[in-house]
Amino acid sequence: MTLSSYLSERTGDPTIKLEAIRSAKCIRKHMLDSTTFLAKDCIFDADNSREKENATLSCHLTGIAIEGFTVLADITGSDDWRKLAISMAQNAMATSQWHGRDGILLVGSESKLYINDDLKALKGLLARGLLTLYQRNPTNKPLRNSIRKYINVQVCFMLPMLKMDRYSRVCLSSSMHLWTWPLTETLMVLIGEDRSSARTSMDN
């Protein structure tokens, strides 16, 4: 859905646009939590309540979906997709599913310390989705302020951790070899902070 939305936006192909809409409808019906609208980690049948209950909310899939619904709203002109993306973002920034009491993202922190697992960097996709929503809603000041504050919280936590080589448990191994996954997620958050803060003056 996200890729199709971008391709439709870039090419103007009506067939790709139709497929993006179909994919979005499928995701909305079969992958989103009915209460929070956050994405789950599997596709479930509408009548398969057991599978739906056992599905786990997914931080990175939620980020991808926010990005996709946001772009889809632009290419279709539909406020329904935009409202869905905004609802997802608001819940994604507030849920305790992947945040600690201090509001810091915890996804990946429970993993083994010194394994270079790129899956740990997937939480950066939430920041990417929020950034897309931020950039494509220039007049929604409450939303933009919420996203900017959220990213600022992550960055303010991350910077001291970088100095101690502790972000997402470790940024450097004890032998000082670089690990790609914490650096990837660090860059994702820093990019989100830099690009969102660049528009602060527009919000005031």
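What you see is a predicted model, and the numbers here were worked out from it, not measured in a lab. Numbering of residues begins at 1 and proceeds along the displayed sequence.
The backbone N or O of Ala39 sits nowhere less than 3.5 Å from a side-chain atom of Ser58 that would complete a donor-acceptor pair. In this structure, His30 contributes its side chain and Cys26 its backbone to no donor-acceptor pair below 3.5 Å. With Gln154 contributing its side chain and Gly103 its backbone, the two residues share a donor-acceptor pair below 3.5 Å. Put simply, the side chain of Ser78 never gets that close to the backbone of Ala73: no donor and acceptor are under 3.5 Å apart. Using a distance-only test at 3.5 Å, with no hydrogens or angles considered, no donor-acceptor pair links the side chain of Asn137 to the main chain of Asn140.
A 4.5 Å side-chain heavy-atom check between Arg128 and Ile66 finds every atom pair outside the cut-off. For the pair Leu130 and Glu67, the minimum side-chain heavy-atom distance is 4.5 Å or more.
Expressed to the nearest 0.5 Å, how far OG1 of Thr70 lies from CD1 of Ile86 amounts to 8.0 Å. To the nearest 0.5 angstrom, Thr56 atom OG1 is 4.5 Å from Asp41 atom CG. If you take CG on Leu38 and CG on Asp33, they are separated by 6.5 Å, rounding to the nearest 0.5 Å. A distance of 4.5 Å separates CD1 of Ile75 from OG of Ser5, quoted to the nearest 0.5 Å. In this structure, NZ on Lys141 lies 10.5 Å from CZ on Arg148, to the nearest 0.5 angstrom. To the nearest 0.5 angstrom, Ser96 atom OG is 10.5 Å from Arg101 atom CZ.
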Given side-chain contact (heavy atoms from CB on, under 4.5 Å), test His60 with Leu126 step by step and report yes or no.
-> CA-CA 6 Å; His60 71 275; Leu126 177 59; over 6 Å; no
Go through Arg22 and Lys25 one step at a time and tell me if the side-chain contact (heavy atoms from CB on, under 4.5 Å) criterion holds.
-> CA-CA 5 Å; Arg22 287 175 175 172; Lys25 289 180 178 179; 5.8 Å; no
Residue pair Ile104, Val153: steps toward the side-chain contact (heavy atoms from CB on, under 4.5 Å) verdict = CA-CA 7 Å; Ile104 302 300; Val153 167; 3.8 Å; yes
Which is it for Ile21 and Thr76 under the side-chain contact (heavy atoms from CB on, under 4.5 Å) test, yes or no, and what are the steps along the way?
-> CA-CA 9 Å; Ile21 294 173; Thr76 61; 3.9 Å; yes
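When all heavy atoms of Leu72 and Ala20 are compared, the pair lying nearest together is CD1-CB, 4.0 Å. Between Ala92 and Trp98, the shortest heavy-atom contact is O-NE1, 3.1 Å. When all heavy atoms of Met1 and Ser23 are compared, the pair lying nearest together is CB-CB, 3.7 Å. Shortest non-hydrogen contact noted between Asn91 and Thr36 is ND2-O, 2.7 Å. In plain terms, the two heavy atoms of Ser146 and Met93 that are nearest each other are O-SD, 3.9 Å. Annotation for Leu32 and Met88: closest pair CD2-CE, 4.0 Å, computed over non-hydrogen atoms.
Under 4.0 Å is where a charged nitrogen must lie from a carboxylate oxygen, and between Glu9 and Arg136 at least one such pair does.
No single ILVMFWY cluster, assembled from side-chain heavy atoms under 4.5 Å apart, contains both Leu7 and Ile27. At a threshold of 4.5 Å between side-chain heavy atoms, the hydrophobic network of Ile, Leu, Val, Met, Phe, Trp and Tyr places Val71 and Leu3 in two separate groups.
Below 30°, between 30° and 60°, or above 60°: for Phe69 and Trp81 the angle between ring planes is below 30°, a parallel geometry.
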